[in-house]
Amino acid sequence: MTKKIKIAMFLFISVCFLSISVYYLIFGGEYINVVATEPELHLSSTSLVASFSRDEQTANDNYKNKVVEVTGSIKEISYLNNRSTLILEGNTKSSSIICDIQPNHKMKLKKLKEGDTITIKGVCKGYLKDVILLNCVLTNQNTNE
């Protein structure tokens, strides 16, 4: 094999390994049934984002891979790529909470609008400029009507 082919193969394998590592870092771990699990913590969306903004390592120790219940105001609702995503306002304009909603809660999500205050429960996966909650379910709808 030529030197260029060896370098290309090395780069390809490195990119594959890195992609798999990032996937398991964000989405890996054991499955948690959010519906059947009692939340370990009850927080406002602004206080959760503030915790990560202030000290990410301590916040990861306190919240990562735990079922949390969060109450906050809806900033945006999205249905891209066959996924239902809800974004809750954080303590600043640049940070918020991205909530990946379970597919069976899509009809409940369609009844909501920006500005409504809701409570959701999900698994906190960490902070990437925004706090990430996966496998979320709506636990309370306090719409501002």
Euclidean distance, [Y] [atom2] relative to [X] [atom1], rounded to 0.5 Å:
X: N65; Y: K125; atom1: CG; atom2: NZ; result: 4.0 Å
X: E114; Y: I77; atom1: CD; atom2: CD1; result: 7.0 Å
X: N91; Y: S53; atom1: CG; atom2: OG; result: 5.0 Å
X: I118; Y: C99; atom1: CD1; atom2: SG; result: 6.5 Å
X: L109; Y: T85; atom1: CG; atom2: OG1; result: 8.5 Å
X: I7; Y: K3; atom1: CD1; atom2: NZ; result: 5.5 Å

Would the distance check show the side chain of [X] and the main-chain N or O of [Y] forming a donor-acceptor pair, the cut-off being under 3.5 Å?
X: T139; Y: T119; result: yes
X: Q102; Y: N135; result: yes
X: S47; Y: S44; result: yes
X: S95; Y: K129; result: yes
X: K64; Y: Y127; result: no

Where do S78 and I87 land on the side chain to side chain contact (heavy atoms under 4.5 Å, CB included) test, with the steps shown first? CA-CA 8 Å; S78 170; I87 300 175; over 6 Å; no

Are the side chains of [Y] and [X] in contact, using a 4.5 Å heavy-atom criterion?
X: L48; Y: L88; value: no
X: C136; Y: L86; value: no
X: K113; Y: I74; value: no

Those residues that, when tested against D130, pass salt bridge (charged side-chain N to carboxylate O under 4.0 Å, His left out) (two or more places apart): none

Enumerate donor-acceptor pairs with a distance under 3.5 Å from any side-chain N or O in residues 34-41 to protein atoms, sequence neighbours excluded.
from : atom 1 : to  : atom 2 : distance (Å)
T37  : OG1    : N33 : O      : 2.6

Show the nearest heavy-atom pair for residues [X] and [Y], with the distance to one decimal.
X: S84; Y: K106; result: OG-CG, 3.6 Å
X: S45; Y: G72; result: OG-CA, 3.5 Å
X: K93; Y: K75; result: O-NZ, 3.1 Å

For Y63, what residues pass the ring pair (Phe, Tyr, Trp, His ring centres under 6.0 Å) criterion, not counting sequence neighbours? F52

Picking from V68, V123, I98, I101, what satisfies side-chain contact (heavy atoms from CB on, under 4.5 Å) with L133?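 The passing option is V68.
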
